[in-house]
Amino acid sequence: MVAHLLRLKLILLRNSVRRSPWQLVGLGIGVLYALGLVGLAVAGLLYLRGQDAGLAHTVVVLGGAAALLGWAVVPVAAAAADMTLDPARFTTFAVPMPQLLTGLALGGLIGIPGAATTLVALGTVGTWSRSLPAAGGALVGAVLGVLSCIVLSKLVTTATAGLASSRRFKDASAVIFLIPLVLMGPIVAGIAKGIAGSGNFLAGLARTLSWTPAGAAWSLGGDLAEGSYGAAALKFLIAVATLAGLALCWKLLLQRALVTPPYAGTSRKRAGGLGFFGLFPATPTGAVAARSLTYWLRDPRYSGSLVVVPLLPVLLLFQATQTGSYGLLLFIGPMTAFLLAWSISTDVSYDNTAFALHVATGVRGVHDRLGRAVACLVFALPVVLALSVLPFLLGADWQQLPAVLGLSLGVLFSGIGLSSVVSARYTSAVPLPGDSPFKKPPGNVAQTLAVQFGGMGALLVLVAPETALVAAQFVTGSSVPGWINLVLGPVLGLVLFAAGVRLGGKWLDARGPELLAQLAVNR
């Protein structure tokens, strides 16, 4: 039965890459990326073989504890990910519990994360190959550590199965998971700086963790290398007890989950008001705007892009502190305007087959374009205005505010006008409704990249007059170009906004059914 479960996992993985050549390409890229990281980690562990034993012990224990934490957190953050051996699928099968637990645990080793963790863990054997007892202890610790990671992951997944079946939990976890990804640069730099200045603290932390379930297994090789056989024996018992305790908890939760699987149906909610439909006028434009604004707040594929906006000042401030050039902060407003304006260039693609509602009801293209643009402006306009003023509240020269404000408004209005044209003419392969925002379905990648980069280039051309006036003020030091830009930016932007809405609406009227057919293909 265990072999059958492992064979089933391999078959499912094989069939998943047969759906499209791009799935195979994505898997190949993921494998190469993982091999690069694994190669660097193993090379570092082998390098530690010739270094001080205390340093090697600190690195191995902290790295192992971090791996255990990662295997506990990632299953919750990636709740929308596909589970090829989801325990809920075995509810109607009388699989004996010992075989099911063993098969699911070993099945966790099949895949890029499991294989990568195993290879890096085996690299610790090279670190402690200073003596036969140390190498043997490192091997035993690596096996116990990897199995603990897998079992803990299954335990967390089973415990949160009820939450993971909730659409609200999936949406929230996907958006929250995006925050550390965006702030990865400052986080890594801060950790590196902290490590560089706190060597003694890290050594003490590693010694403490080595007596806990998080680091006991990873410290066996180091203790045996130092001749601490008594400590190694106690830590071996701690590691075995940890694995046994995790397995017991997982067994109990799995037994309960197989008897009472989580309910994924819709929850009973008291009927509410009309939401945004009660705030907008009862016109085609108002209806489209209300529908679009509802999606912006409730669909994680939209709201994920909004999370980036408040993090953008943090990234630019970090970059400014690293380079010593604080002039980059002046462009927080224009960059935010660019991101928000261009975000609706795939608005129709995100609708997917729900766009049939617009086609079937006969909504005019200009009303569709204007409604989506108004929905974006409802939150984009105040955000862009606030972030354009923010650098000056932090000490920038107020004389440059008119130029920056004019550029921000020009980028926002012109960008929304251009996006109204692009989304009416081209479709992109985007995550389907209900999918994780990080999932990238197979599709015409070449066309998608061409449209995206071509549209961004066109937007840079459209805002060239405003950019030139900003540059003129910086070069000459005169405030006249800035005040001209404050008038030219909104006026020219609104002209391009109106032209884009009209042209996009005309294209939508002419090829609405063809656009819907393309969206159906992207499924």
Side-chain angles (χ1 to χ4, degrees), residues 182-183 186 293 296 302-303 305-345 373-420 455-456 458-498 500:
V182 176
L183 297 178
L293 196 58
W296 271 107
Y302 287 84
S303 54
S305 60
L306 295 180
V307 174
V308 180
V309 173
L311 301 180
L312 185 60
V314 179
L315 291 175
L316 292 181
L317 182 60
F318 169 75
Q319 185 66 27
T321 56
Q322 295 295 311
T323 61
S325 176
Y326 289 86
L328 189 62
L329 296 177
L330 295 176
F331 296 96
I332 293 178
M335 293 178 66
T336 302
F338 179 87
L339 292 175
L340 293 178
W342 192 245
S343 62
I344 64 171
S345 63
V374 168
C376 182
L377 284 174
V378 166
F379 59 86
L381 184 57
V383 169
V384 169
L385 290 175
L387 292 183
S388 296
V389 177
L390 178 62
F392 301 95
L393 297 177
L394 298 177
D397 186 2
W398 285 91
Q399 187 178 1
Q400 299 168 339
L401 175 61
V404 173
L405 199 57
L407 177 61
S408 300
L409 294 175
V411 171
L412 179 62
F413 292 131
S414 302
I416 292 179
L418 179 62
S419 297
S420 300
M456 293 178 185
L459 180 57
L460 293 177
V461 173
L462 293 177
V463 298
E466 296 98 310
T467 306
L469 287 172
V470 172
Q473 180 173 1
F474 277 106
V475 172
T476 63
S478 173
S479 61
V480 175
W483 288 104
I484 296 176
N485 205 31
L486 183 59
V487 178
L488 178 65
V491 171
L492 181 59
L494 287 173
V495 170
L496 294 174
F497 173 87

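Because the structure is predicted, anything quoted here is derived from the model rather than measured. Scope of the values below: all heavy atoms of this structure, side chains included, with no hydrogens, waters or symmetry mates.
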Exercise for the section: With the side chain counted from C-beta on, respond yes when L405 and N485 share a heavy-atom pair under 4.5 Å apart, and no when they do not. Expected result: no

Exercise for the section: Flag the pair W342 / L418 as yes when at least one side-chain heavy-atom distance between them is below 4.5 Å, and no otherwise. Expected result: yes

Practice task
Could you please spell out the steps behind the side-chain contact (heavy atoms from CB on, under 4.5 Å) verdict for V404 and L407?
Solution key: CA-CA 5 Å; V404 173; L407 177 61; 5.7 Å; no

Exercise for the section: State, yes or no, whether a side-chain contact exists between L339 and T336 at a heavy-atom distance under 4.5 Å. Expected result: no

Practice task
Run the numbers on L377 and F413 for side-chain contact (heavy atoms from CB on, under 4.5 Å), then give the verdict.
Solution key: CA-CA 9 Å; L377 284 174; F413 292 131; 3.9 Å; yes

Practice task
Check G333 against S408 and note the closest heavy-atom contact, atom names and distance.
Solution key: C-OG, 3.4 Å

Practice task
For Q399 and Q473, work out which heavy atoms get closest and say how close.
Solution key: O-NE2, 2.9 Å

Problem - Distance in Å, L486 CG paired with L409 CG, rounded so as to fall on 0.5 Å steps - result: 7.5 Å

Practice task
Please report the shortest heavy-atom distance between W296 and S343, naming the atom on each side.
Solution key: CH2-OG, 3.2 Å

Practice task
Taking the side chain as every heavy atom from C-beta outward, state whether L385 and V389 have any pair of such atoms under 4.5 Å apart.
Solution key: no

Problem - Minimum heavy-atom distance T476-A472, with the two atoms named - result: OG1-O, 2.7 Å

Exercise for the section: Indicate the ring-plane relationship of F392 and W398, choosing parallel, tilted or perpendicular according to the 30° and 60° boundaries. Expected result: tilted

Practice task
Determine the minimum heavy-atom distance between A341 and L412, stating which atoms define it.
Solution key: CB-O, 3.7 Å

Problem - CG-CG distance between L390 and L393, expressed to the nearest 0.5 angstrom - result: 6.0 Å

Problem - Check: I416 and I344 side chains under 4.5 Å, non-hydrogen atoms - result: yes

Handout entry: Heavy-atom pair of closest approach, residues V470 and A403
Key = CG2-O, 3.6 Å

